[in-house]
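This report concerns only the one structure given below.
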There are 2 protein chains.
Amino acid sequence: MAINTRTEYALRALLEILNSDGEAVSAAEICRRQMLPKKYIEHLLAGLKAAALVSSTAGARGGYILARTPDQIRLHDIMQAVDDTSWELGCNGKDDKYCLGADCGLHGIWNEIAEKLHNTLQEYTLAYIFEQNKTRETT
Amino acid sequence: MAINTRTEYALRALLEILNSDGEAVSAAEICRRQMLPKKYIEHLLAGLKAAALVSSTAGARGGYILARTPDQIRLHDIMQAVDDTSWELGCNGKDDKYCLGADCGLHGIWNEIAEKLHNTLQEYTLAYIFEQNKTRETT
DNA sequence: AGAATAGCATACCAAATTAGTATGTATTCA
DNA sequence: TGAATACATACTAATTTGGTATGCTATTCT
């Protein structure tokens with residue numbers, strides 16, 4: 001159980017977009033600054049756009065901007081945008097063939113835990129992470 | 001990001017062992033009752049033993065018993081026992097080649113989040129899960 | 001003692017997921 | 001028009017996950 005690179009990269013991309021303060025940033029520029037693989041990031045940005053976390057303009061001088069204020073973009077939103085299976089815990093997941101179905105007493109527990117973890121992640125906004133990141137960089 | 005079957009199966013095995021109330025339960029018996037693949041569970045039980053969550057006796061009439069009281073066995077312990085990479089979040093993970101190293105301001109954030117998630121998981125003891133499970137079954 | 005039962009260790013294998021690439025098309029600006 | 005860019009689809013490679021196979025070692029029962 002670990003946070004995958006999709007979430008990490010998406011977060012880094014969003015931080016880079018936020019850092020450009022309203023000016024559209026191209027995928028190429030994001031990748032150059034964060035040293036990330038371009039085509040892969042384009043994929044992830046498509047997910048972020050579908051989730052309405054960013055909006056984009058094509059063509060020359062185009063790129064991405066945030067579609068919400070940074071305090072309205074939360075970590076779990078980001079995770080879901082690039083990794084749509086997130087938080088199907090235990091036998092609540094799509095097709096656990098060993099789950100005992102109606103007799104399985106674990107469903108309730110997994111739901112409870114998933115909700116708690118979910119809430120914890122939602123506490124982290126892009127705005128907060130951006131500030132922390134900046135603080136660290138300048139010390 | 002999801003809890004894998006290792007954790008799920010390990011938990012189910014532990015519940016089954018707890019349910020036998022001190023009598024050793026064989027891997028075969030656990031698998032029969034929970035309908036789990038035997039060889040795979042043997043693997044997981046080896047992990048649980050290495051983590052000192054269960055102890056075992058070999059030979060005829062042998063099997064597994066809990067090595068701690070069920071309120072001392074916590075969910076994250078179980079996860080770590082069967083999945084030792086658990087909670088290396090983001091670029092704190094083993095070898096994120098795109099991490100910017102000393103200049104990466106995300107390490108602190110990931111640590112903070114990891115600790116929160118960790119704490120949430122540790123709140124869930126085997127004893128608690130067992131009770132919840134039982135309650136559900138008898139309603 | 002010896003058979004049966006069970007844990008334990010190692011290696012192997014298959015399916016799924018993850019990470020990343022390739023190719024080409026549509027859109028926008030200058 | 002042409003360069004720069006997003007966007008779409010398909011493919012590939014590496015890793016992880018889930019599971020088997022084989023066989024040995026330890027313990028208990030008769």
Side-chain angles (χ1 to χ4, degrees), chain A residues 1-10 12-13 17 20 23-32 34-50 54-65 67 79 82-86 88 90-91 93-99, chain B residues 1-10 12-13 17 20 23-32 34-50 54-65 67 79 82-86 88 90-91 93-99:
Chain A
M1 187 174 195
I3 283 185
N4 52 30
T5 63
R6 284 197 290 273
T7 298
E8 167 90 7
Y9 294 177
R12 304 247 288 266
I17 295 168
S20 297
E23 275 196 51
V25 202
S26 71
E29 182 63 15
I30 290 168
C31 293
R32 197 184 58 71
Q34 291 276 339
M35 302 193 301
L36 298 170
K38 175 158 178 261
K39 278 296 176 184
Y40 196 41
I41 267 54
E42 282 187 355
H43 263 314
L44 302 182
L45 285 166
L48 294 175
K49 185 178 183 180
V54 301
S55 60
S56 64
T57 53
R61 310 289 296 171
Y64 297 89
I65 56 170
M79 293 172 74
V82 294
D83 182 8
D84 58 8
T85 76
S86 91
E88 290 181 342
C91 56
K94 34 196 168 179
D95 43 37
D96 183 329
K97 58 182 164 179
Y98 296 110
C99 174
Chain B
M1 188 175 193
I3 283 186
N4 53 29
T5 64
R6 285 198 289 272
T7 298
E8 168 89 8
Y9 293 178
R12 303 248 287 267
I17 295 168
S20 298
E23 276 196 51
V25 203
S26 70
E29 181 64 13
I30 290 168
C31 293
R32 197 184 58 72
Q34 291 275 340
M35 303 193 300
L36 297 170
K38 176 158 178 261
K39 278 296 177 184
Y40 195 40
I41 267 53
E42 283 188 354
H43 263 315
L44 302 182
L45 285 166
L48 294 175
K49 185 177 180 180
V54 301
S55 59
S56 64
T57 53
R61 308 290 297 169
Y64 297 88
I65 56 171
M79 294 173 73
V82 295
D83 183 6
D84 58 9
T85 77
S86 92
E88 290 181 342
C91 56
K94 33 195 169 181
D95 43 36
D96 183 328
K97 58 182 165 179
Y98 296 109
C99 174

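As the structure is a computational prediction, the values presented were derived from the model and not from experiment. Keep in mind that the numbers below use all heavy atoms, side chains included, and drop hydrogens, waters and symmetry copies. Chain letters run A, B, ... following the sequence lines, proteins first and then strands; every chain starts at 1.
Residues that satisfy the side chain to side chain contact (heavy atoms under 4.5 Å, CB included) test with A:Lys39, not counting sequence neighbours, are A:Glu42. Contacts of B:Glu29 classified as side chain to side chain contact (heavy atoms under 4.5 Å, CB included), with partners at least two apart in sequence or in another chain: B:Val25, B:Ser26, B:Arg32, B:Arg33.
Atom CG in B:Leu45 sits 11.0 Å away from atom NZ in B:Lys38 (nearest 0.5 Å). To the nearest 0.5 Å, the span separating CG on B:Leu36 from CD1 on B:Ile30 amounts to 9.0 Å.
Within the 4.0 Å cut-off from OP1 or OP2 of C:dA19, at least one side-chain nitrogen or oxygen of A:Thr5 is found. Applying the 4.0 Å criterion to OP1 and OP2 of C:dT18, one finds that A:Tyr40 has every side-chain N and O outside that range. Of the side-chain N and O atoms in B:Tyr64, one or more sit less than 4.0 angstrom from OP1 or OP2 of C:dC8.
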Restricting both atoms to N or O, compile the protein contacts to nucleotides 27-29 of chain D shorter than 3.5 Å, with distance only.
residue: D:dT27; atom: O2; partner: B:Ala60; partner atom: N; Å: 3.2

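Less than 4.0 Å separates DNA chain C from at least one heavy atom of each of the following residues of residues 41-50 of chain B: B:Glu42, B:His43, B:Lys49.
The side-chain heavy atoms of B:Tyr9 and B:Pro37, taken from C-beta on, include a pair separated by under 4.5 Å.
The overall bend of the helix from C:dA1-D:dT30 to C:dA30-D:dT1, read as the angle between its terminal helix axes built from five base pairs each, is 10° when rounded to 10 degrees.
Below the 3.5 angstrom threshold, one finds no donor paired with an acceptor across the side chain of B:Lys38 and the base of D:dT20.
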